[in-house]
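Keep in mind it's a predicted model, so treat the numbers as computed, not measured. Residue numbering restarts at 1 for every chain, and letters A, B, ... go by the order of the sequence lines.
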2 protein chains.
Amino acid sequence: MGLTKTEMFTSEQNQLAQLLKAMAHPARIAILQRILVFNTCICGDLVEELGLAQATISQHLRELKSVGIIQGTIEGVSVCYCINPETWKLLEAQIGAFLGSYKLEASCC
Amino acid sequence: MGLTKTEMFTSEQNQLAQLLKAMAHPARIAILQRILVFNTCICGDLVEELGLAQATISQHLRELKSVGIIQGTIEGVSVCYCINPETWKLLEAQIGAFLGSYKLEASCC
DNA sequence: TTAATAAATCGTAATATTGCAATATTATAT
DNA sequence: ATATAATATTGCAATATTACGATTTATTAA
């Protein structure tokens with residue numbers, strides 16, 4: 001099918017899955033890392049640095065933007081992208097709670 | 001294409017993307033959450049609780065196992081799955097470093 | 001207005017993912 | 001050995017993702 005049955009899961013599970021999925025690609029991780037280092041990023045720089053076509057980079061940026069992880073504003077002829085602090089905080093909270101709920105060291109099987 | 005150009009990224013970026021991708025599905029999040037609560041889990045229980053077909057659950061379990069997030073041992077006629085502590089620690093470290101490297105509150109654009 | 005630059009969108013090909021029925025495998029009990 | 005139970009695998013259909021060339025849109029400069 002290729003169609004996730006979202007109606008069988010809670011909105012929290014679906015939301016976390018959506019955020020993780022948006023980050024679950026090496027190009028999008030590389031994009032985010034560049035923003036984390038430089039605070040900001042412009043599509044053209046990424047095209048040069050990542051070695052992917054402009055259309056591909058633009059598509060990855062849209063994907064990150066569509067789930068709210070980044071935001072972009074027009075700066076003259078280019079577009080300035082940066083982290084959306086709200087979503088980033090949500091991400092940290094959700095993933096932190098999820099990963100942090102594992103306590104046992106001894107593997108049971 | 002549908003084919004990620006992994007050769008353009010570092011092994012760290014590819015590894016993190018692979019781990020995130022394995023978790024980036026609501027069914028797999030639900031499976032992990034159940035393991036986190038009960039410490040262990042058996043395929044049959046998940047089939048009843050999640051409302052997906054047995055073949056589908058088995059496939060999701062295999063995906064989580066293939067990246068090392070969970071491990072399974074045969075327990076009589078069923079299989080006991082639990083968290084793989086090593087991978088979980090790696091996940092916490094990698095994701096923690098990634099998310100934690102964002103410091104600025106003020107959005108720049 | 002026109003040209004130049006940057007980014008977004010469209011269209012498309014190749015590949016991956018999701019889900020399930022049917023079947024196969026594995027381990028226990030009789 | 002056979003039957004039963006639990007899980008894994010296979011094969012397939014529907015849909016999603018990835019990547020990119022070509023084109024369009026939007027903004028600035030001349």
### Task
Under 4.0 Å between any heavy atoms, over every strand shown, what does Glu63(B) touch: base, sugar-phosphate, or nothing? Just pick one.
sugar-phosphate

### Query
Does Gly76(A) or Lys21(A) map to a spot on DNA chain D nearer the 5' end, using the closest nucleotide for each?
Lys21(A)

### Message
Using only atom types and a distance under 3.5 Å, with no angle test, would you say the side chain of Thr40(A) pairs donor to acceptor with the backbone of Cys82(A)?
### Response
no

### Query
For Ala53(A), which contact category applies under a 4.0 Å heavy-atom criterion: base, sugar-phosphate, or nothing?
sugar-phosphate

### Query
Earliest and latest nucleotide of DNA chain C, 5' to 3', sitting under 4.0 Å from a non-hydrogen atom of chain A?
dT5(C) to dC20(C)

### Query
Do Leu3(B) and Ile57(A) sit in the same hydrophobic cluster, where Ile, Leu, Val, Met, Phe, Trp and Tyr count as joined when their side-chain heavy atoms come under 4.5 Å apart?
no

### Query
Hey, does Ser58(B) reach any base, or is it just sugar-phosphate, or nothing, if we go heavy atoms under 4.0 Å?
base

### Message
So, under a plain 3.5 Å distance rule, would you say the side chain of Gln54(A) forms a donor-acceptor pair with the base of dC20(D)?
### Response
no

### Message
Output the rounded distance in Å from CD1 (Ile74(B)) to C1' (dA5(D)).
### Response
14 Å

### Query
Starting at NE2 of His25(B) and ending at P of dT17(D), how long is that distance when rounded to a whole Å?
11 Å

### Query
Cluster partners of Phe38(B), using ILVMFWY side-chain heavy atoms under 4.5 angstrom, listed by chain and number?
Val37(B)

### Message
Quick check on the hydrophobic clustering: are Val79(B) and Ile42(B) connected, directly or via other members, by side-chain heavy-atom contacts under 4.5 Å?
### Response
no

### Query
Please give, in whole Å, the distance from dT17(D) P to Arg28(A) CZ?
9 Å

### Query
What is the distance from CD1 of Ile42(A) to P of dT28(D), rounded to the nearest Å?
13 Å

### Message
Output the rounded distance in Å from CG (Leu20(B)) to P (dT17(D)).
### Response
16 Å

### Rounded distance in Å - CD1 (Ile57(A)) to P (dG21(D))
13 Å

### Query
Do the side chains of Met8(B) and Leu50(A) get nearer than 4.5 Å, heavy atoms only?
no

### Task
Verify, without hydrogens or angle tests, whether Arg34(A) (side chain) and Cys41(A) (backbone) share a donor-acceptor contact under 3.5 angstrom.
no

### Task
Return the 5'-most residue of the pair Gly51(A), Leu3(A) with respect to DNA chain D, ranking by each residue's nearest nucleotide.
Leu3(A)

### Query
Is the backbone N or O of Ile69(B) less than 3.5 Å from a side-chain atom of Asn84(B), with the two atoms forming a donor-acceptor pair by type?
no

#### Entry: Spacing of His60(A) atom NE2 relative to dT18(D) atom P, expressed in whole Å
6 Å

### Message
Over all strands shown, is Val77(B) touching base, sugar-phosphate only, or nothing at heavy-atom distances under 4.0 angstrom?
### Response
base

### Task
For the helix from dT1(C)-dA30(D) to dT30(C)-dA1(D), figure out the bend between the end axes, five pairs an end, and round to 10 degrees.
20°

